[in-house]
Amino acid sequence: MNHPKLIEVLFYEERYLLISIEQLKLTATVLRKRILSTAYYKKQGHVGGSLSCADILVSLFFHQLSIDPSCPKWEDRDRFVLSKGHTALGLYATLALRGYISEEELKTFDQYESRLQAHPDMTKLDALDMSTGSLGQGLSAAVGMAIGAKRLKKDFRVYCLIGDGESQEGQIWEAANIAEKYKLDNLIVIMDQNGLQQYGWKNGKERMDPERYGKRKFDSFGFETWEVDGHSMEDLVAVLTEVKGSVNGLPKAIIANTTKGKGVRFMENNYVWHSKAPNDEEYQMALTELEGED
């Protein structure tokens with residue numbers, strides 16, 4: 001899973017990475033390869049959703065978040081909550097690229113006593129800010145962190161990645177309501193809006209209606225909202241930069257329009273890849289396609 005073209009990056013003192021758009025794009029391709037390689041090696045993993053949020057994860061961990069892999073519990077770090085915890089595979093592969101864990105440790109994914117469980121477990125891995133997996137609960141934890149930052153007069157921000165499917169949970173909107181009440185402009189919710197759930201939507205024949213759970217919904221809950229192409233690194237970087245500069249008492253929501261299984265054509269928009277590992281032939285086909293993006 002080594003990638004000779006992945007070049008080294010420099011660090012600012014503020015713990016942000018100095019990395020170009022082209023480097024971010026390259027890193028996203030490498031991330032997709034590691035997601036697939038890990039799923040192939042372990043014969044399990046939520047591949048479709050991990051691929052759909054790969055560009056989002058790279059834009060956060062390699063551009064936006066103020067973090068320090070050498071000190072994962074740094075008190076003033078930005079927090080990240082993966083509410084759609086079933087895509088832990090994508091997060092672990094990101095953490096490996098960012099230097100929190102070794103590439104070799106990815107091979108322990110979902111093993112008994114591994115730090116890399118099928119859903120994030122913060123009691124096993126210091127790099128995690130929250131244990132997640134019960135869909136709809138992650139945003140509540142993120143809201144609590146953002147309230148805590150305000151009361152402690154801390155400047156860190158809290159980023160929470162949610163799925164459009166889990167946004168059918170009422171708890172998402174209860175948390176959103178509290179975020180507006182407490183004027184949490186340090187809370188940034190990012191929705192991976194790929195339109196497909198585990199068993200499809202109406203048996204996979206129709207995609208979810210983005211109007212029901214997307215930008216309009218967050219607008220109605222008092223959020224300052226943006227809608228972007230979740231696979232355009234330029235757009236993601238631009239909106240994350242704009243969000244960081246917006247301190248106006250309003251919680252933030254970014255609706256990222258994505259494609260489930262993005263990067264591998266036979267996986268794209270196919271709900272059967274929600275949780276499925278590629279076989280030998282599929283793995284080689286996927287890698288060949290991704291190699292063409294280098």
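Because only heavy atoms are used, hydrogens play no part in the values below, and waters and symmetry mates are left out as well, while side chains stay in.
A side chain to side chain donor-acceptor pair (under 3.5 Å) with D55 is found for one member of R32, K262, K25 and no other, namely R32. When each of D164, T258, T259, N257 is tested with Q193 by the rule side chain to side chain donor-acceptor pair (under 3.5 Å), just one qualifies, namely N257. The residue from E105, E104, E103 that alone fulfils the salt bridge (Lys or Arg N to Asp or Glu O under 4.0 Å) condition with K107 is E104.
Side chains of K84 and H46 form no contact here, defined as non-hydrogen atoms less than 4.5 Å apart. Side-chain atoms of L57 and L161, non-hydrogen and from C-beta on, do get closer than 4.5 Å to each other. Side-chain contact check for M267 versus L36: some heavy-atom pair is nearer than 4.5 Å. Residues I101 and L116 form a side-chain contact, since some pair of their non-hydrogen atoms from C-beta on lies under 4.5 Å apart. Annotation: side chain of S59 is not in contact with side chain of Q64 (no heavy-atom distance under 4.5 Å). Inter-residue side-chain proximity for H86 and H274 is flagged as met; some heavy-atom pair is nearer than 4.5 Å. Two residues are said to be in side-chain contact when any heavy atoms from C-beta on lie closer than 4.5 Å; I190 and L60 meet this criterion.
Counting heavy-atom neighbours within 6.0 Å of F221 CZ, excluding the residue itself, gives a total above 12. The number of heavy-atom neighbours closer than 6.0 Å to NZ of K150, taken from other residues, nucleotides and ligands shown, is above 12. More than 12 heavy atoms of other residues, nucleotides or ligands sit less than 6.0 Å from atom CG of N248.
For the atom pair OG1 of T132 and NE2 of H119, the computed distance is 7.5 Å after rounding to the nearest 0.5 Å. In this structure, R98 CZ and L91 CG are separated by 13.0 Å, a value rounded to the nearest 0.5 Å. To the nearest 0.5 angstrom, F61 atom CZ is 10.5 Å from L31 atom CG. Interatomic distance, R34 CZ to L106 CG, rounded to the nearest 0.5 Å: 7.0 Å. Note that the CG atom of N194 and the OG atom of S52 stand 4.0 Å from one another [nearest 0.5 Å]. In this structure, NZ in K276 is found 7.5 Å from CG in N270, a value given to the nearest 0.5 Å.
The shortest non-hydrogen separation linking P251 to G222 is CD-O, 3.9 Å. Closest non-hydrogen pair, L236 versus D229, comes out as CG-O, 4.1 Å. Between V81 and G138, the closest heavy-atom pair is CG1-O, 3.6 Å. Residue Q117 comes nearest to F109 through the heavy atom pair O-CE1, 3.8 Å, listed as atom of the first residue, atom of the second, then distance. Nearest approach of I254 to I188, heavy atoms of both residues: CD1-CG2, 4.0 Å. Between G49 and T87, the shortest heavy-atom distance links the atoms C-CG2, 3.5 Å.
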Discussion item. Show, in sequence, the C-alpha distance, side-chain angles and deciding distance for S140 and E174, and conclude whether the side chain to side chain donor-acceptor pair (under 3.5 Å) test is met.
Written reply: CA-CA 8 Å; S140 294; E174 291 171 358; over 6 Å; no

Fill in: Steps toward side chain to side chain contact (heavy atoms under 4.5 Å, CB included) verdict (V264, W273)
CA-CA 11 Å; V264 182; W273 287 100; over 6 Å; no

Worksheet entry | Verdict with reasoning, L95 to L128, per side chain to side chain contact (heavy atoms under 4.5 Å, CB included) | CA-CA 10 Å; L95 294 176; L128 301 174; 4.3 Å; yes

Item to complete: Begin from the C-alpha positions of K252 and R157 and carry the test side chain to side chain contact (heavy atoms under 4.5 Å, CB included) through to its verdict.
Response: CA-CA 11 Å; K252 319 300 179 190; R157 295 174 176 81; over 6 Å; no

Practice prompt. Dump the intermediate steps for side chain to side chain contact (heavy atoms under 4.5 Å, CB included) on T29 and K33, then the final yes or no.
Written response: CA-CA 6 Å; T29 298; K33 289 182 181 180; 4.3 Å; yes

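E169 places no side-chain N or O within donor-acceptor distance of the main-chain N or O of E166, the cut-off being under 3.5 Å. Using modelled atom types, no side-chain atom of Q284 and backbone atom of E281 make a donor-acceptor pair closer than 3.5 Å. No donor-acceptor pair closer than 3.5 Å links the side chain of E227 to the backbone N or O of K215. Side-chain atoms of Q168 come within 3.5 Å of backbone atoms of G165 as a donor-acceptor pair (strictly under, hydrogens ignored). Looking at K260, its side chain does come within 3.5 Å of a backbone N or O of L196 through a donor-acceptor pair.
Ion pair D110/K42 not flagged as a salt bridge, since none of the NZ, NE, NH1 or NH2 atoms sits closer than 4.0 Å to an Asp/Glu carboxylate oxygen. A salt bridge does not link D68 to R77: none of the charged nitrogens lies less than 4.0 Å from a carboxylate oxygen.
Linking ILVMFWY residues whenever their side-chain heavy atoms come closer than 4.5 Å, directly or via other members, leaves L135 and F80 in distinct clusters. Transitive grouping of hydrophobic side chains (ILVMFWY, heavy atoms separated by less than 4.5 Å) brings L24 and L290 into a common cluster. Linking ILVMFWY side-chain heavy atoms closer than 4.5 Å, directly or via other members, places Y283 and I35 in a single hydrophobic cluster. Hydrophobic clustering places I21 together with L65 (ILVMFWY residues linked when any side-chain heavy atoms are closer than 4.5 Å, directly or through intermediates). Grouping the Ile, Leu, Val, Met, Phe, Trp and Tyr side chains by contacts below 4.5 angstrom, directly or via other members, places M285 with L51.
Side chains of T108 and Q111: no donor on one and acceptor on the other come within 3.5 Å.
With Y40 as the aromatic partner, K43 meets the cation-pi criteria of under 6.0 angstrom to the ring centre and within 45 degrees of the ring axis. Annotation: cation-pi pair K217/W173 present, NZ/CZ under 6.0 Å from the ring centroid and within 45° of its normal.
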